[in-house]
Amino acid sequence: MIDRLTVDDLDACLALAQERDWPPERHKWALLFEVGTVYGVRDGAGRVIGTTILTRYGASLAAISMVLVARDHERRGIGGALMSHAIGEAGGATIVLNATEYGRPLYERLGFVTVGRTFTHIGHFTGVAEHASRPAGPGDLAAIHRLDTEVNGADRGILVDRLPGFAAEVRAVEGQGGITGYGAVWQNHDNGVIGPVVAETPRDARGLIADLAAGVEGPVRLDLDDRHPELFRWAVERGLDLATSTVVMAHGGPLPGDRRRWFVPMMQALG
Ligand SMILES: CC(C)(COP(=O)(O)OP(=O)(O)OC[C@H]1O[C@@H](n2cnc3c(N)ncnc32)[C@H](O)[C@@H]1OP(=O)(O)O)[C@@H](O)C(=O)NCCC(=O)NCCS
């Protein structure tokens, strides 16, 4: 019943997303197909009516995303079956996800607990670059990878390696001993998304965000982690209004790493 989907099913996944009033985020789904395993359920005619993506970061951490079931097939256990399958395939790794209010009861039933909240801010950035960071190039990727592994407590090399191709811009904060922070901005369907942002201090995070956002034409999206509420007002004062919030949930233990230095996810789908 549960199939492994391929990038040939990308259009079918976008159609399902739109049917659930989610935007058709082609660039994002294409990355998720590359770095994750996409599970799907089809109806008798072959139409994709359910999806869930599992992205593994080594053996200890994984993210689940894009949990979608077609309206005309809801409440028949498809969402639960897809989630149970993905949890099994994670092989005991700690799993992180961002839950909408729709999905939360299902995840709680499956043993996920709330560990935080993400506040999505969207708007035209009215601030200015703070010149707190510099553009990062291919020669910085090894240092960024090391920093990202420390902060996430898991090897997310599959994401770091793809940043130069996926992101519109990657920037780094240089400290005394090398790179102490990094951030990126990438173009989604209808806005420029800031993320990830990893930084030593809230001040460095603000500098990175301002430097990245200043280069975006059109609306900017910023998913701020609730560990750093001091950034909320700063964002709102610069035109990035609070749009929605989701809960961060974990399964199989607390999130590893040094989350104090974790400010913004690359995208909620990747944890
Ligand atoms: C959230 C979502 C994925 C759930 O999918 P689903 O296939 O309906 O999930 P399930 O059928 O496994 O479970 C949903 C409910 O149906 C119930 N159910 C499952 N099988 C059932 C059956 N045979 N008869 C009656 N009820 C049933 C479940 O107990 C559950 O009940 P609850 O809501 O009271 O807890 C779907 O609603 C969706 O795509 N929503 C929009 C996108 C979204 O928000 N996704 C979550 C992102 S975090």
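Hydrogens, waters and symmetry mates are skipped; everything else that's a heavy atom, side chains included, is used. Start at 1 with the first residue, then count along the sequence. Fair warning: this is a prediction, and the values are worked out from it, not measured in the lab.
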> Sub-3.5 Å donor-acceptor pair from the side chain of D9 to the main-chain atoms of T6, do we have one?
Replying inline: yes

> Strictly by modelled atom types, are H145 and D161 linked by a side-chain donor-acceptor pair under 3.5 Å?
Replying inline: no

> For S245 and R117, does a side-chain donor sit closer than 3.5 Å to a side-chain acceptor?
Replying inline: yes

> Hey, what's the ring geometry for F166 with H27, parallel, tilted or perpendicular (30° and 60° as the breaks)?
Replying inline: parallel

> Are H121 and F232 an aromatic pair by the rule of ring centers under 6.0 Å?
Replying inline: yes

>> Between T51 and M66 (side chain of the first, backbone of the second, donor and acceptor by atom type, cut-off under 3.5 Å), is there such a pair?
In response: yes

> Is the charged tip of R156 near the ring of Y57: under 6.0 Å from the six-membered ring centre and within 45° of its axis?
Replying inline: yes

> Taking the side chain from R233 and the backbone from E230, do they hold a donor-acceptor pair closer than 3.5 Å?
Replying inline: no

> Do D43 side-chain atoms and A45 backbone N/O form a donor-acceptor pair below 3.5 Å?
Replying inline: yes

>> Using only atom types and a distance under 3.5 Å, with no angle test, would you say the side chain of D211 pairs donor to acceptor with the backbone of S133?
In response: yes

>> Checking Y182 against D140: is there a side-chain donor and acceptor pair closer than 3.5 Å?
In response: no

> Okay, side chain of R171, backbone of A184: is any donor-acceptor separation there less than 3.5 Å?
Replying inline: no

> So is R20 actually on top of W22's ring, under 6.0 Å and inside 45° of the axis?
Replying inline: no

>> I need the R109 CZ to S84 OG distance, nearest 0.5 Å.
In response: 10.0 Å

> Would you say R56's side chain and E89's backbone share a donor-acceptor pair under 3.5 angstrom?
Replying inline: yes

> Do T246 and Q268 get their side chains close enough for a donor-acceptor pair, meaning under 3.5 Å?
Replying inline: yes

> If you measure only the distance, is there a donor-acceptor pair under 3.5 Å linking the side chains of D223 and T118?
Replying inline: no

